[in-house]
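Just so you know, these numbers come straight off a predicted model, no measurement behind them. What's counted below: heavy atoms across the whole structure, side chains too, no hydrogens, waters or symmetry copies.
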Amino acid sequence: ESYRRIKETDPSIRAFITLNEEQAREQAAELDRQLAAGAERGLLFGLPAGIKDNIVTEGLLTTCASRFLSNYNPIYDATVVKKLKSAQSVTVGKLNMDEFAMGGSNENSGFFPTRNPWNTDYVPGGSSGGSAASVAAGQVYFALGSDTGGSIRQPAAYCGIVGLKPTYGLVSRFGLVAFASSLDQIGPLTKNVEDAAYVLQAIAGYDPMDSTSANVDIPDYISALTGDVKGMRIGVPKEYMGQGIDPKVKEAILAALKVFEGLGATWEEVSLPHTEYAVATYYLLASSEASSNLARFDGVRYGVRADNPDNLLDLYRKSRSQGFGPEVKRRIMLGTYALSSGYYDAYYLKAQKVRTLIKRDFDNVFANYDVIIGPTAPTTAFRIGEQIGDPLTMYLNDICTIPVSLAGVPAISVPCGMADGLPIGLQIIGKPFDETTVLRTAHAFE
Ligand code: GLN
């Protein structure tokens with residue numbers, strides 16, 4: 001059924017880079033055999049899953065939507081992929097993204113842009129745009145994405161589905177091709193909140209293979225979906241509802257807050273005063289970490305190697321010039337500059353300090369409120385081509401998601417209405433490792 005839907009819809013949406021049809025059919029048949037032999041069903045038994053193409057899958061191409069890795073066939077599974085297998089979901093294929101997860105529209109894919117299923121002239125968001133579009137188009141039951149500054153939540157909002165970025169450290173990053181290691185988190189993209197709880201249940205948990213993995217007890221996310229938000233205290237940051245937000249998005253968020261009032265919750269305006277510095281801080285830190293992480297792509301160890309180099313240095317230079325796209329090069333240059341001696345203190349170190357202030361903004365609000373609610377993105381999806389020539393405008397799409405990533409706290413995007421035929425996303429942000437409250441709040445609203 002999944003492949004039938006893909007054949008029908010993917011020529012216009014183009015969510016997939018690689019399909020896994022033969023192995024998926026074998027895997028499904030094997031599950032049927034086990035069931036017939038009396039085995040118990042796993043948590044995600046038989047559910048067709050799409051995997052973002054920066055999560056490594058054994059024997060299945062993993063390109064990060066980069067020409068550099070167009071021939072990279074990993075010899076191991078990421079921890080999340082192993083966990084999905086033991087929960088008995090079936091891997092349908094690998095989903096398109098912005099190259100190395102750098103971008104917010106899928107236009108930075110090294111191969112082709114994915115299109116928004118609601119209107120194919122519009123972007124699906126990014127960087128997990130293939131994941132969001134595939135779920136929205138009904139090609140897969142759920143998808144995994146990665147979120148560094150909004151890459152799960154923003155495409156979920158643009159495509160009218162649910163996207164959850166867990167607390168930094170809750171889900172193992174082992175086997176996720178690193179973009180900015182202090183920010184990257186894997187999470188689910190699903191049709192509804194209940195499905196997100198199931199997928200999170202399957203993938204969360206300590207992993208000794210990831211040194212930043214948190215050794216915390218994993219609660220029962222599914223039974224947390226009680227529908228009860230009576231007495232809940234909601235903070236609404238004025239910085240997310242002011243300048244730059246589309247009036248129709250703002251109206252939809254205010255209408256959602258009315259729904260919460262009706263459910264017995266209360267809300268007040270709060271302030272996250274360092275929000276205005278978040279985008280600059282993020283692009284400095286994320287680019288610095290990226291420039292360091294992407295040093296491993298030298299044309300020797302991974303992926304495509306340039307032909308006819310004059311010497312070793314020339315091999316590096318040619319492979320990297322040919323392999324990386326323009327946005328990736330822009331970030332490597334920015335990051336290398338910020339990390340170079342003489343500039344390190346002025347830029348990287350300063351940005352680290354601002355990151356701490358942003359984290360404290362959240363701590364202060366969470367001292368008095370259970371969750372923070374606002375828009376996921378200031379606008380709905382934009383047209384393909386509309387912002388590609390203007391990286392700064394593109395960067396500002398993430399103004400509501402980036403601070404959350406810098407603070408490391410969990411957040412979900414749930415659909416909250418439409419404007420001009422395109423979906424709007426509501427963002428619910430929680431305390432560290434309080435995914436149960438985030439999911440419960442989202443589920444009550446849905
Ligand atoms: N759009 C942001 C960026 O380009 C976020 C990307 C992400 O979360 N991976 O960095």
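Although no hydrogens or angles enter the test, the distance criterion places a donor-acceptor pair under 3.5 Å between the side chain of Glu289 and the main chain of Ser182. A donor-acceptor pair is defined here as one N or O able to donate and one able to accept, closer than 3.5 Å; no such pair exists between the side chain of Lys318 and the backbone of Asp307. Side chain of Arg296 to backbone of Asn293: a donor-acceptor contact under 3.5 angstrom is found. Under the 3.5 Å distance criterion, the side-chain polar atoms of Trp118 are matched with a main-chain donor or acceptor of Cys159. No donor-acceptor pair under 3.5 Å is formed between the side chain of Ser128 and the backbone N or O of Gly145. Gln201 places a side-chain N or O within donor-acceptor distance of the main-chain N or O of Pro219, the cut-off being under 3.5 Å. With hydrogens and angles ignored, the 3.5 Å screen pairs a side-chain donor or acceptor of Thr281 with a backbone N or O of Tyr277.
A donor-acceptor contact closer than 3.5 angstrom is absent between the side chains of Glu446 and Asn192. Defined by atom type and a distance below 3.5 Å, a donor-acceptor pair is missing between the side-chain atoms of Lys94 and Thr63. One side chain, Lys52 or Ser127, offers a donor N or O that lies under 3.5 Å from an acceptor on the other. Side-chain contact, Ser213 with Asp210: no donor N or O sits under 3.5 Å from an acceptor N or O. Counting only N and O atoms by type, the side chains of Ser172 and Asp207 include a donor and acceptor under 3.5 Å apart. Asp184 and Thr148 form a side-chain donor-acceptor contact under 3.5 Å, judged by distance and modelled atom types alone. With no hydrogens or angles considered, no side-chain donor-acceptor pair links Thr401 and Gln427 at under 3.5 Å. A donor-acceptor contact under 3.5 angstrom links the side chains of Glu435 and Thr167, judged on distance only. Counted by atom type alone, Gln27 and Asn20 present zero donor-acceptor pairs between their side chains at under 3.5 Å. Residues Thr62 and Asn54 have side chains that never bring a donor and an acceptor to within less than 3.5 angstrom of each other.
In this structure Glu327 satisfies the side-chain hydrogen bond (donor to acceptor under 3.5 Å, both in side chains) test together with Arg330, Arg331, Tyr395, sequence neighbours excluded. Not counting sequence neighbours, the partners of Arg317 by the salt bridge (Lys or Arg N to Asp or Glu O under 4.0 Å) test are Asp314. Under the rule for a salt bridge (Lys or Arg N to Asp or Glu O under 4.0 Å), the partners of Asp370 that lie at least two apart in sequence or sit in another chain are Arg233.
Paired with Asp147 under the rule salt bridge (charged side-chain N to carboxylate O under 4.0 Å, His left out), one option of Arg173, Lys165, Arg153 passes, and it is Arg153. Tested against Ser109, the residues Asp98, Thr114, Asp53, Asn96 include a single side chain to side chain donor-acceptor pair (under 3.5 Å) partner, Asn96.
Between Phe174 and Tyr76, the ring-plane angle classifies as tilted under the 30° and 60° cut-offs. Taking the six-membered ring where tryptophan is involved, the planes of Phe100 and Phe297 are tilted, since the angle between them lies from 30° to 60°.
Residues Thr190 and Leu164 form no side-chain contact, since every pair of their non-hydrogen atoms from C-beta on lies 4.5 Å or further apart.
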